[in-house]
Amino acid sequence: CHAGLSGGRRDERANDGSAIRRAPRPAAQPNTAHEPGCTGLSLPHPLPRIAPNPGRPSGRDMSRPTRLDAWVVAVGAWACATLLNLGLQRLTDNLAPFLPFFPALIVAALHGGRGPGLLGLALAAFTTIFAWLRPAGGSPLDIPLPHWIALASFLAAAALTVELGHRMRELVRRTAALRDEQQAALEQQSRTEAALRESEARLSMAMRAAAMGTWEFDLGTGLAIASPRVREIFGADRDAAPEQFWFERLHPACTTRSSA
């Protein structure tokens, strides 16, 4: 048979000119690495796993009330205080119509902040003026001056209460955020330490398999650190200083240069 090149492809023909059909070549197999004692063990590099970012929470934080929840709580607290005030009206003879609203304002400010607290304050002032301070059948202008002074004192004390509740709420939120950040930092540190331990274990296993050792020499201080395997390679005692058996095994022509 003879062989010829046709269009960059080798074509083999018999003596009579007929083409010889050959079995197609198998497809190229991907490069694989094999370890001793393993048969056909492929060692591809796995894709890195992307850990979730602890700094970005998924979804809405259910521990924080929405704006609608805050307004609803403020109105509900005002309604409960009004009903309580109506019940106490007969017992106290309308002596302290402002007192039941203070707990409601504290609840509104702690739950929703300054805005819902001021809403509760406005509702409380409106209810007090038209339900208890205004004379029967009269207008707000008919309210006596002492009652207006009492109302002004109530508004000042209530505004201070709302502001204190708002600041306490912000302090609680900042404390919780700081605690979450510290917890995330501790978790990140734990993951980093675990990855470092795993890397050190792999390096140690690889060096034991290759019968290698590690050493470090500080030219500034003249101190050297060597692993036990390095001592075994140099045939030095375990108690010998690394720099001692290092310089002892140098060629005399290089000792002066290395010492300098």
Side-chain angles (χ1 to χ4, degrees), residues 51-190:
N53 187 0
R56 299 183 60 184
S58 58
R60 184 175 65 88
D61 189 1
M62 301 303 295
S63 62
R64 291 186 177 182
T66 61
R67 299 305 300 174
L68 181 60
D69 295 339
W71 299 115
V72 170
V73 169
V75 175
W78 162 79
C80 294
T82 302
L83 295 177
L84 179 62
N85 209 347
L86 290 174
L88 295 177
Q89 182 179 4
R90 299 177 181 178
L91 299 178
T92 61
D93 195 16
N94 199 19
L95 294 178
F98 309 109
L99 293 181
F101 291 107
F102 280 100
L105 296 177
I106 294 175
V107 171
L110 289 178
H111 184 78
R114 185 183 294 112
L118 293 178
L119 173 64
L121 175 59
L123 293 175
F126 179 83
T127 305
T128 304
I129 291 175
F130 286 92
W132 288 282
L133 299 183
R134 186 187 62 171
S139 65
L141 298 178
D142 298 332
I143 299 176
L145 181 60
H147 288 178
W148 282 111
I149 296 176
L151 178 61
S153 301
F154 162 71
L155 293 177
L160 180 61
T161 302
V162 170
E163 185 63 24
L164 291 177
H166 171 72
R167 292 183 180 273
M168 290 179 60
R169 177 175 179 269
E170 292 299 319
L171 179 61
V172 171
R173 289 179 55 182
R174 292 177 183 177
T175 304
L178 181 60
R179 183 176 62 251
D180 295 341
E181 292 178 0
Q182 292 178 350
Q183 183 66 25
L186 291 177
E187 293 178 357
Q188 181 64 29
Q189 182 180 359
S190 300

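Pro100 pairs with exactly one of Leu83, Thr82, Asn85 by the side chain to side chain contact (heavy atoms under 4.5 Å, CB included) rule, that one being Asn85.
Across Leu110 and Gly165, no two heavy atoms sit closer than the pair CD2-O, 3.3 Å. Here the shortest heavy-atom pairing between Gly117 and Ala108 reads CA-CB, 4.1 Å. Closest of all the heavy-atom pairs between Pro140 and Ile129 is CB-CG2, 4.2 Å. Residue Asp142 comes nearest to Pro135 through the heavy atom pair O-CG, 3.6 Å, listed as atom of the first residue, atom of the second, then distance. The minimum heavy-atom distance between Leu118 and Val162, with the atom names listed, is N-CG1, 4.0 Å.
Here CG of Leu178 is found 4.5 Å from CD of Gln182. Values are rounded to the nearest 0.5 Å. Here Ile149 contributes atom CD1 and Ile143 contributes atom CD1; the two are 12.5 Å apart, rounded to the nearest 0.5 Å. A distance of 9.0 Å separates OG in Ser139 from CZ in Phe130, rounded to the nearest 0.5 Å. For the atom pair CZ (Phe101) and CG (Leu84), the distance works out to 9.0 Å, reported to the nearest 0.5 Å. In this structure, CG on Leu160 lies 12.5 Å from CG on Leu155, to the nearest 0.5 angstrom.
For Phe154, the ring pair (Phe, Tyr, Trp, His ring centres under 6.0 Å) partners two or more places apart in sequence, or in a different chain, are Phe98, Phe102. Checked against side chain to side chain contact (heavy atoms under 4.5 Å, CB included), Glu163 has the following partners two or more places apart in sequence or in another chain: Arg114, His166, Arg167. Every residue two or more places apart in sequence or in another chain that forms a side-chain hydrogen bond (donor to acceptor under 3.5 Å, both in side chains) with Gln189 is listed here: Glu193.
A distance-only check finds a donor-acceptor pair linking the side chain of Trp78 to the backbone of Leu123 [under 3.5 Å].
Put simply, the side chain of Asp69 does not reach to within 4.5 Å of the side chain of Val72, judged on heavy atoms.
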